[in-house]
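See structure below.
Numbers restart at 1 for each chain; the letters A, B, ... are given by sequence-line order, proteins then strands. None of these values were measured; they are calculated from a predicted model.
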Amino acid sequence: MENGITPVRVRFAPSPTGHMHLGSARTALYDYLLAKKTGGKFILRIEDTDQKRYVEGAEQELIEGLRWLGVDFDEGPDIGGPFGPYRQSERKGIYLKYAEQLVESGHAYYCFCTPERLTKVREEQQRRKEAPHYDGNCRNIRIEEARQRIEKGEKHVIRFKTPKEGTTTVKDLLRGEITVENRTLDDYILVKSDGWALYHLAAMVDDHLMKITHVIRGSEWLPSLPLHSLIMQAFNWPEPVWVHLSVFLKPSGKGKMSKREKDELLKDGYSIFIKDLKDLGYLPEAVVNWVSLMGWSFDDHTEFFTLSDLIDKFSLEQLNPSPAAINFSKLDHFNGLHIRNLTDEELARRITPFFTAKGIKTDAEKMKKIAPILKERIATLDESVEMAGFFFKDKVLPAVEELVPKGLTPAQAREILLESHIILSAVGNFSHKEAEEPMRAYVESSGFSAGQVFGVLRVAITGQKVSPPLFESMEIIGKEVVLQRLQQSIRLIDQE
RNA sequence: GCCCCCAUCGUCUAGCGGCCCAGGACGUGGCCCUCUCAAGGCCAAAACAGGGAUUCGAAUUCCCUUGGGGGCACCA
């Protein structure tokens, strides 16, 4: 609640098990905004206690994703900080120590049940239509006996001794108090038989040690919130402010994104993965703006925000607890807005890699001239290649059937091209204004419509039916090349 | 099956008892502008899941139903 005044310490704690997606991006963003707003610290902590699920390169992708978005962290694995290390795999010993402390104080116990036995217990419970849970077999083994068995090398885990009676009430900032009956909770494992701590223990220990004041995470954690609260209580540690964000649903709003749907999305030029979004031509500014509004709002009409606007305006009180369907057409909209918010120089710089990726050599000067006429007609950066590739090609190859549009005969199209060639040849200063003026006069006298004349010219000069404004384009291409291309098109018609 | 959460236009949302026969945005449709495509401008259709209760008064509070989501691992 002490938002806006006291500096917070918040952490984004992903596990390096796959690609960074929109949900992570939003959580990290809110963390960052809250930290910046309060003059606090934003920490990146890698939750890699599960060796089996580790994915090579995932941590790097996470860091790159955050940097790309502009969501910079103050402490983290690659930059260090006063509460490191920031990779849980490097903190193994710490967790074990705290787990044993819990055993000592009677809040946890050693359990010697084999995975086989547990599976059997669960199967039986399912058969009886009971909720699967640990049956408490080792709950009351005396600590001395347990120590002896461990000494003899018996495999064991450490379990939390969840109270069997009563209720646990925890407060979530968005939902208020949540109360559960303790008997519906399980004796969760804190430390595995290989000595690695599980999330429930590791995260609580780290949050405490790293002096985390607000835990912002996805609502999939809500069911284990009582456990986490109980663990904190067992240690006698103060609890952070708990903030559970709503989940993202698939665009239809029915259920969450499945593997198959992710593939389908990519076919439409969309993705929930941050690295894909970058390659698809989305601006980090737009992704930030868009994602910030899924579960948060400022007022009833303001929607365009830069990162610094968001730092200024963000507040936990305006978070919305209900699930949100991902709306990609709105991302396109925001991308357009942010593209138009870029300076010409900046836009030129951002679209250049997309040309390079398609094997098109660009030049910076020309690109700067193209940027302004491209700006309001692209929704994503990669569209600029399709729209403006012709500026950098030595040759364009207009299709004859496009050169001769419906309603015109080849002879008429030829006439337009020839007349235009004569008129444009006579233009001294080849600016779009000076070229357009005599061409307009020609349209008037020719009996053709502006659409017909300029349409033929567009195809002849750009090789495309859709392009940036004709005369601005011609100015950038230059008189010489324009005339060459007109001649080429006349030849093309003649050859038919 | 059990536990928890959520519920306003197709979608994201504003609304925190009277300002609401519900506002904005995306998308959709129409018109204007126009050399194509856009951008931009204007207009339109489009929602308080249902039922009780509280109250002079409910989208806003409470209960139930329904629907949706999440969770029930030696994963996070």
Side-chain angles (χ1 to χ4, degrees), chain A residues 13-17 47-50 52-53 88 111 113-115 118-119 122 125-126 128-133 155-159 172 174-175 178-181 183-186 188-194 196 198-200 202-203 217-226 244 246-247 249 251-256 290 293-304 317-318 320-334 336 340 374-379 383 387 436 439-440 443 449-459 462 464-471:
Chain A
S15 60
T17 51
E47 311 241 322
D48 55 351
T49 51
D50 187 3
K52 287 192 288 290
R53 295 211 309 156
Q88 291 190 327
C111 169
C113 295
T114 62
L118 295 176
T119 315
R122 260 195 293 273
Q125 287 165 340
Q126 302 239 291
R128 285 193 307 245
K129 296 238 196 279
E130 281 175 28
H133 64 279
K155 280 247 183 198
H156 64 281
V157 301
I158 298 177
R159 282 184 187 273
D172 173 80
L174 310 191
R175 297 155 234 270
I178 296 166
T179 300
V180 296
E181 308 251 1
R183 63 180 164 75
T184 66
L185 267 23
D186 208 348
Y188 300 92
I189 292 173
L190 263 21
V191 179
K192 293 187 273 184
S193 57
D194 61 7
W196 283 98
L198 247 27
Y199 175 90
H200 301 304
R217 54 178 8 178
S219 69
E220 64 270 21
W221 291 109
L222 226 32
S224 43
L225 177 58
H244 291 86
S246 63
V247 289
L249 271 26
S252 68
K254 303 252 180 270
K256 61 174 184 180
W290 174 56
L293 257 9
M294 304 182 70
W296 174 84
S297 61
F298 176 63
D299 59 18
D300 65 349
H301 65 280
T302 319
E303 291 208 319
F304 182 88
E317 277 67 37
Q318 298 164 89
N320 184 324
S322 47
I326 299 174
N327 184 190
F328 284 98
S329 60
K330 198 146 186 176
L331 171 60
D332 284 330
H333 172 249
F334 277 121
R340 274 168 258 135
L374 217 50
K375 206 181 248 181
E376 52 198 35
R377 57 201 88 234
I378 54 171
E383 285 172 11
M387 184 74 86
E436 183 165 1
M439 284 304 301
R440 290 276 174 198
V443 167
S449 72
Q452 288 173 320
V453 172
F454 299 147
V456 171
L457 283 191
R458 179 186 320 283
V459 174
T462 68
Q464 302 168 184
K465 282 167 86 173
V466 173
S467 83
L470 225 209
F471 293 101

Residue whose closest nucleotide on RNA chain B lies nearer the 5' end, A:L293 versus A:S467: A:L293

For atom NZ of A:K330 and atom P of B:G24, their distance in whole Å: 13 Å

Sugar-phosphate, base or nothing in reach of A:P468, heavy atoms under 4.0 Å: base

Selection from B:G24, B:C6, B:A14 that lies nearest to any side-chain heavy atom of A:D300: B:A14

Out of B:A73, B:C6, B:A76, whichever nucleotide has its closest atom nearest the side chain of A:Y199: B:A76

Sugar-phosphate only, base, or nothing, as touched by A:L457 at under 4.0 Å among non-hydrogen atoms: nothing

Rounded interatomic separation in angstrom, taking CG from A:L249 and C1' from B:G67: 13 Å

Spacing of A:H333 atom NE2 relative to B:C12 atom P, expressed in whole Å: 17 Å

Sugar-phosphate, base or nothing in reach of A:G295, heavy atoms under 4.0 Å: sugar-phosphate

Aromatic ring pairing A:F471/A:F454, orientation class (parallel under 30°, perpendicular over 60°, tilted between): perpendicular

Touch class at under 4.0 angstrom, heavy-atom based, for A:P132 against every strand present: base

A:N327 vs B:A25: side-chain N/O to OP1/OP2 distance below 4.0 Å: no

Touch class at under 4.0 angstrom, heavy-atom based, for A:C111 against every strand present: nothing

Sugar-phosphate only, base, or nothing, as touched by A:K256 at under 4.0 Å among non-hydrogen atoms: sugar-phosphate

N or O in side chain of A:R122 less than 4.0 angstrom from B:C72 OP1/OP2: no

Closest nucleotide among B:U36, B:C3, B:C74 to the A:V466 side chain: B:U36

Sugar-phosphate, base or nothing in reach of A:T302, heavy atoms under 4.0 Å: nothing

Separation between the C1' atoms of B:G23 and B:A14, rounded to whole Å: 6 Å

Touch class at under 4.0 angstrom, heavy-atom based, for A:V180 against every strand present: sugar-phosphate

Selected nucleotide, minimal atom distance to A:D50 side chain, candidates B:C74, B:A76, B:C35: B:A76

Presence of A:K192 side-chain N/O under 4.0 Å of B:C75 phosphate oxygens OP1/OP2: yes

Residue whose nearest RNA chain B nucleotide is more 5′ - A:L331 or A:L222: A:L222

B:G69 phosphate, OP1 or OP2, under 4.0 Å from A:S246 side-chain N/O: no

P spacing across the pair B:G1 / B:A59, given as an integer number of angstrom: 35 Å

Gap between atoms CG and P, on A:N320 and B:C12 respectively (whole Å): 9 Å

N or O in side chain of A:H301 less than 4.0 angstrom from B:G24 OP1/OP2: no

Under 4.0 angstrom between A:R377 side-chain N/O and B:U36 OP1 or OP2: no

Under 3.5 Å donor-acceptor, A:H133 side chain and A:A131 backbone: yes

CA sep, side-chain torsions, deciding dist, call: A:K330, A:E303, salt bridge (Lys or Arg N to Asp or Glu O under 4.0 Å): CA-CA 11 Å; A:K330 198 146 186 176; A:E303 291 208 319; 3.4 Å; yes

Touch class at under 4.0 angstrom, heavy-atom based, for A:E47 against every strand present: sugar-phosphate

Sugar-phosphate, base or nothing in reach of A:R440, heavy atoms under 4.0 Å: base

Side chain of A:I189 - closest among B:A73, B:C37, B:C35: B:A73

Sugar-phosphate, base or nothing in reach of A:W221, heavy atoms under 4.0 Å: base

Touch class at under 4.0 angstrom, heavy-atom based, for A:S193 against every strand present: base

B:A14 phosphate, OP1 or OP2, under 4.0 Å from A:S297 side-chain N/O: yes

